[in-house]
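One is the number of the first residue; the rest follow in order along the sequence.
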Amino acid sequence: MVNFSDVLIVGCGEIGRRVGRLWLERGVAVSALARSREAELKLGELGFAVARGDLDDPASLAGLAVQNRLVYYFAPPPDQGGADPRMEAFCDQALAADKPWKIVYISTSGVYGDCGGALVDETAPLRPLTDRARRRVAAEERLRRVQRERDIAVVILRVPGIYGPGRLPRKRIEQGVPVLDAREAPPSNRIHAVDLARICVAAGEKGEAGEVFNVCDESGGSMTDYFNAVADACGLPRPPQISMAEARRRLSAEMLSYLNESRRLDSRRLRERLGIELRYPDLAAGLRAALAEEGEAS
């Protein structure tokens with residue numbers, strides 16, 4: 001039994017489409033924001049109603065209907081700067097007059113910064129080290145202000161690397177791009193796209209105003225472990241390993257930004273509050289499912 005009128009997805013990429021399909025299966029109507037005719041047609045084929053608007057054109061959001069809707073905000077910030085003008089535009093325009101039933105926002109675990117490999121729960125301070133993470137902190141803070149000023153329930157999901165069908169680094173492995181020596185690789189976290197979508201639905205149903213949830217599976221390990229597991233699952237040679245000193249010379253700035261941060265996410269609140277039982281708690285099962293789904297789609 002839902003207490004909202006329907007679902008609105010802002011930023012309806014792969015995860016948004018998965019979440020929308022789950023709600024449609026429950027008999028709940030789903031709408032999605034689209035900024036182009038092409039996107040509108042693709043979303044319509046999924047059974048979603050479509051609202052036209054562009055987060056980079058604030059005026060286009062003024063008529064976006066949000067009243068009593070469960071709103072999922074999945075749109076990424078721009079690629080530059082330390083703020084999120086898209087979130088600002090959404091809050092200033094779409095929320096100016098109407099009040100959603102709840103907003104669920106996908107943020108990033110990068111907001112915690114480098115924690116030296118420590119186990120981090122949702123009460124940890126936010127110490128972003130990159131502009132990418134600072135933009136997410138800015139978006140979280142804007143939503144908290146909306147919650148205080150407008151009494152709109154906001155639930156935040158802090159998500160690490162997402163893997164699943166179409167999201168595996170197969171090309172990188174085939175090209176022989178090196179990874180960090182396993183002995184130097186810091187711990188990392190990840191979640192399967194199928195489980196993330198299920199978590200988003202549970203957060204919409206059960207999450208309460210102001211709650212924050214770390215989202216990850218139970219596989220642990222490092223990014224090097226992940227690349228090796230993908231290579232093994234795909235029948236490819238494992239990527240060569242290099243030292244951190246060499247990685248600083250050869251790897252991209254983006255990859256280095258991930259390797260320079262180390263933390264283990266504590267996701268007990270996710271399981272205890274939302275009652276989530278992951279479909280793919282370990283990486284091996286998740287990779288088998290991802291490759292099977294890719295095979296079905298090809």
Any ion pair linking Glu40 and Arg37 (charged N to carboxylate O, less than 4.0 Å)? yes
For the backbone of Pro178 and the side chain of Arg172, can you confirm whether one donor and one acceptor N or O come within less than 3.5 Å of each other? yes
Looking only at atom types and distance, does a side-chain atom of Lys206 sit under 3.5 Å from a main-chain N or O of Gly275, one as donor and one as acceptor? no
Check: Met223 main-chain N/O paired with Ser188 side-chain donor or acceptor under 3.5 Å: yes
Pairs involving residues 103-130, ordered by first then second residue, that meet salt bridge (Lys or Arg N to Asp or Glu O under 4.0 Å) (sequence neighbours left out): Glu122-Arg269
Any pair counted as ring-ring contact (aromatic ring centres under 6.0 Å, His included), so long as it reaches residues 173-200, sequence neighbours left out: Tyr163-His192, His192-Tyr280
Pairs involving residues 61-72, ordered by first then second residue, that meet side-chain hydrogen bond (donor to acceptor under 3.5 Å, both in side chains) (sequence neighbours left out): Asp6-Arg69, Trp23-Tyr72, Ser31-Arg69
Per the side chain to side chain contact (heavy atoms under 4.5 Å, CB included) rule, which among Val30, Leu22, Leu24 passes with Val7? Val30
Check whether any side-chain N or O of Gln147 sits under 3.5 Å from a backbone N or O of Ala209 as a donor-acceptor pair, and report yes or no. no
Can I get a per-line list of side-chain donor-acceptor pairs under 3.5 Å for residues 12-21, giving both atom names and the distance, sequence neighbours left out?
residue	atom	partner	partner atom	Å
Glu14	OE1	Arg167	NE	2.4
Glu14	OE1	Arg167	NH2	3.2
Glu14	OE2	Arg18	NE	3.0
Arg18	NH2	Glu293	OE2	3.0

Can you list everything that forms a side chain to side chain donor-acceptor pair (under 3.5 Å) with Asp266? Sequence neighbours excluded, please. Arg268
Kindly write out the residues that satisfy salt bridge (Lys or Arg N to Asp or Glu O under 4.0 Å) with Arg35, not counting sequence neighbours, or none if the list is empty. Asp56
Would you check if the side chain of Lys102 reaches a backbone N or O of Ala153 as a donor-acceptor pair within less than 3.5 Å? no
Once salt bridge (Lys or Arg N to Asp or Glu O under 4.0 Å) is applied, do any residues pair with Asp225, and if so which ones, sequence neighbours excluded? none
Restricting to ring-ring contact (aromatic ring centres under 6.0 Å, His included), what partner residues turn up for Tyr258, sequence neighbours left out? none
What are the two closest non-hydrogen atoms of Ala202 and Ile276, and how far apart are they? CB-CD1, 3.7 Å
When you check the gap from the basic side-chain N to the acidic O, do Arg238 and Asp232 get nearer than 4.0 Å? yes
Less than 4.5 Å apart, any side-chain heavy atom of Ser257 and any of Leu129? no
Any side-chain to backbone donor/acceptor pair from Arg263 onto Asn189? Under 3.5 Å, distance only. no
For Met87, which fellow cluster members are found when Ile, Leu, Val, Met, Phe, Trp and Tyr are connected by side-chain heavy-atom distances below 4.5 angstrom, either directly or through intermediates? Leu8, Val10, Leu33, Leu55, Leu61, Leu64, Val66, Val71, Tyr73, Phe90, Leu95, Ile103, Tyr105, Leu143, Val146, Ile152, Val154, Ile156, Val212
In a check of salt bridge (Lys or Arg N to Asp or Glu O under 4.0 Å) between Asp92 and each of Arg150, Arg145, Arg86, Arg142, which one passes? Arg142
Could you tell me whether the side chain of Arg264 and the main chain of Gly220 form a donor-acceptor pair under 3.5 Å? no
Tell me which donor-acceptor pairs under 3.5 Å the side chains of residues 246-256 have, and how far apart each pair is, sequence neighbours excluded?
residue	atom	partner	partner atom	Å
Glu246	OE2	Arg250	NH1	2.8
Ser252	OG	Met255	N	3.1

Decide salt bridge (charged side-chain N to carboxylate O under 4.0 Å, His left out) for Arg136 and Glu140; before the verdict, give the C-alpha distance in whole Å, the side-chain angles of both, and the deciding distance to 0.1 Å. CA-CA 6 Å; Arg136 296 293 189 169; Glu140 287 192 19; over 6 Å; no
I need the minimum non-hydrogen distance between Val177 and Pro239, along with the two atoms involved. O-CB, 3.5 Å
Who passes ring-ring contact (aromatic ring centres under 6.0 Å, His included) against Phe227, sequence neighbours left out? none
For Asn214 and Leu265, indicate whether the former's side chain and the latter's backbone hold a donor-acceptor pair under 3.5 Å. no
Quick one, Leu196 with Ile106, criterion side chain to side chain contact (heavy atoms under 4.5 Å, CB included). Give me CA distance, side-chain angles, the key distance, then yes/no. CA-CA 10 Å; Leu196 177 55; Ile106 286 186; 4.2 Å; yes
Do side-chain atoms of Asp195 reach the backbone of Arg279 as a donor and acceptor pair under 3.5 angstrom? yes
Using a side-chain heavy atom cutoff under 4.5 Å and only I, L, V, M, F, W and Y, what cluster partners does Leu119 have? none
Quick one: does Glu184's side chain get under 4.5 Å of Ser243's, heavy atoms only? yes
